[in-house]
Amino acid sequence: MMPYVFFGLCLILAILGISLLNKIQRLKELREKVAALNFSLEEMDEQAKLIMRTDMELNKAQEELDKKISGLDILQKLSREISTTLEEKQIFKKINNQYVEELGFEKSLAFLWKSLEREFQLYLCIGYSQDESLKIKAAVSANKDYFLDLIKSGATASSEFVPPGALSKIKINQIFLVHSFIICPVLAQEGDQGFIFVGTQNIESSTTKGDLEFISILANQIGQTLDNARLFEKTWRSQQELELKVEERTRQLTGALEEVKKISKRKSDFISSVSHEIRTPLTSVKGYAAILLSSKLGALPDEVRVRLEKINRHSDELVHMVNDLLDISRIESGKVEIKKEPLSLRAIAEKISDLFAEQFKTKNIAFSSNIPDDCREILADRSQIERVFMNLVGNALKFTPQNGKIDIGASRLNNVIQINIKDTGFGIPEDAQEAIFEEFYRVDNTINQEVKGTGLGLTLVKHIIEAHQGKIWVKSKVGEGSTFSFTLNAA
Ligand code: ADP
């Protein structure tokens, strides 16, 4: 019996042992699984933390982005308002507390350094009482070197970074009564410069890099607008000065013109009355000379006759001159009526040719006229225009040496006919080409010492042409000849 019991016990023990071993094995496996589970749980936890961190960062970035977008929007609006302002004080008035608040601040100040007064002046004050602003201004003045250095170096100061100098971040906070701040210099090219300050008392919000960028842009914009405003002011001032000068000058010129007119009228009146006075005795001198020359009062010795003929000739010249003078003053004062009628230019040229035929022959001058069909008829006062031709052709004859050429030509542009009287004479120096139309002007040369004249012919011609609403000018080269041109209306 005993061996069976023993065997049975051994069997039971063996079964129990195997089962124990199995359990231990399972336990080991379970432990391993738990460890693996724990590991993956930790991993998941890490990942969850990472996701949360990323989410927070994303939110922050989104917030920053939103802030930037709205900041840019505000800046754009503000810039638009500022940039259209052309008055220094008005520029700062555009920055109101709404804009400042939208940018995330409740306090703002702007100071400009007035170099003449040598002090900082307050141009903008938002978020401070008057008392506070006075205290801040006093503190800024007391630390003016620090702020001037900041402006000079173009550096910014903010809660994040304050450039080394007399004022620390805490001191600046105390001066401006804020928790965080930004100070940016306002740099204008010309004139007074300064700085803009923004700040907040809010302990939770502190200034960011983005804020600093915005305020720097704003300060730049203010600087540029200050430049524009000053340039405008300068331009406006010089324009005003110019206008005043022009007004003053115009007044002086009008006065001078009136004076010239008065003098000119007095001169014309004088010439006219003197000419009249001279003409009467001159006519009797000429009359007596003519009577004597006619030998009605007895025969004249040759010597007396020669002298009387001289008196007669010189009297003629004088009468001619007096008549010219009288005509000039009459035309000048508008007393001569210009009776315009259609006239044949070819007929006038022919008449002139006949009139001077003898002189042309004597000097062997080839005279020609070339009037195209479209210039056949002019609208002018017959006797006055004939005087013009006589004077101009007469001068051409006087100032052209033997064997020369004189030509009358014409051309037409629309309703205006240009007549050219061309000679191959001595010519007129360039600096005298305008003066020859003035009264009594004669070119100072050897020819004029030989050729007689009064210097009145061209003045009379110019007056007649202008009375016809035409123009007269000369083109000439010494030694080659001259071309006198004038314009008249076509008939
Ligand atoms: P005058 O002939 O009596 O001197 P004008 O007024 O007719 O006076 O002319 C003024 C001056 O212009 C003349 O003295 C002369 O010097 C110059 N002049 C005029 N016509 C001519 C010409 N065709 N050629 C050269 N010089 C001329």
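Numbering of residues begins at 1 and proceeds along the displayed sequence. All ligand and atom numbering here is 1-based and tracks the order in the structure.
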Are the aromatic ring centres of [X] and [Y] under 6.0 angstrom apart?
{"X": "Phe356", "Y": "Phe389", "result": "no"}
{"X": "Phe399", "Y": "Phe426", "result": "no"}
{"X": "Phe105", "Y": "Phe181", "result": "no"}
{"X": "Phe111", "Y": "Phe147", "result": "no"}

So which protein heavy atom does [atom] come closest to, and at what separation?
{"atom": "atom 1 (P) of ligand 1", "answer": "Gly455 N, 3.6 Å"}
{"atom": "atom 13 (C) of ligand 1", "answer": "Phe399 CZ, 3.6 Å"}
{"atom": "atom 16 (O) of ligand 1", "answer": "Asn448 ND2, 3.0 Å"}
{"atom": "atom 7 (O) of ligand 1", "answer": "Asn395 ND2, 2.8 Å"}
{"atom": "atom 3 (O) of ligand 1", "answer": "Thr454 N, 2.9 Å"}
{"atom": "atom 12 (O) of ligand 1", "answer": "Ile436 CG2, 3.2 Å"}
{"atom": "atom 4 (O) of ligand 1", "answer": "Arg442 NE, 2.6 Å"}
{"atom": "atom 9 (O) of ligand 1", "answer": "Leu458 CD1, 3.6 Å"}

Would one find more than 12 heavy atoms of other residues, nucleotides or ligands at under 6.0 Å from atom NE2 of His314?
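Enclosed.
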Can you tell me if Trp473 has over 12 outside heavy atoms packed within less than 6.0 Å of its CH2?
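Counting neighbours around CH2 of Trp473, more than 12 heavy atoms of other residues, nucleotides or ligands fall under 6.0 Å, so yes.
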Which bit of Val461 gets closer than 4.0 Å to ligand 1, counting heavy atoms only: side chain, backbone, both or neither?
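Answer for Val461: neither.
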Where's the contact between Asn445 and ligand 1, heavy-atom distance under 4.0 Å: side chain, backbone, both or neither?
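None of Asn445 does.
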Quick one: which ligand 1 atoms are inside 4.0 Å of a heavy atom on [X]?
{"X": "Ala396", "result": "23 (N)"}
{"X": "Lys398", "result": "1 (P), 2 (O), 3 (O)"}
{"X": "Tyr441", "result": "10 (C), 11 (C)"}
{"X": "Asp423", "result": "22 (C), 23 (N)"}

Check whether NZ of the Lys or CZ of the Arg Lys89 lies under 6.0 Å from the centre of the six-membered ring of Tyr123 and within 45 degrees of that ring's axis.
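Geometry flag: set, cation within 6.0 Å and 45°.
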Hey, does the Lys NZ or Arg CZ of Lys114 hover above the aromatic six-ring of Phe120, less than 6.0 Å from the centre and inside 45° of the axis?
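No, a cation-pi geometry is absent between Lys114 and Phe120.
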So, applying side-chain contact (heavy atoms from CB on, under 4.5 Å) with Leu325, which one of Val274, Leu460, Ile271 is it?
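The passing option is Ile271.
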If we only count N/O pairs under 3.5 Å, is Val443 in contact with ligand 1?
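Between Val443 and ligand 1, an N or O pair is found under 3.5 Å apart.
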Once the angle between the rings of Phe197 and Tyr128 is folded into 0 to 90°, is it parallel (under 30°), tilted (30 to 60°) or perpendicular (over 60°)?
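The arrangement is tilted - the two ring planes meet at 30° to 60°.
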Below 4.0 Å from ligand 1: does a non-hydrogen atom of [X] turn up there or not?
{"X": "Lys452", "answer": "no"}
{"X": "Gly425", "answer": "no"}
{"X": "Phe484", "answer": "yes"}

Where the closest heavy atom to atom 26 (N) of ligand 1 is concerned, which of Thr400, Ile428, Thr424 has it?
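Looking at heavy atoms only, Ile428 sits closest to atom 26 (N) of ligand 1.
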Given side chains that start at C-beta, do those of Thr280 and His276 come closer than 4.5 Å, heavy atoms only?
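The answer is no, as the side chains (C-beta and beyond) never meet within the 4.5 Å cut-off.
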Sole candidate of Arg237, Glu241, Glu243 that passes side-chain hydrogen bond (donor to acceptor under 3.5 Å, both in side chains) when paired with Gln239:
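Option passing the side-chain hydrogen bond (donor to acceptor under 3.5 Å, both in side chains) with Gln239: Glu243.
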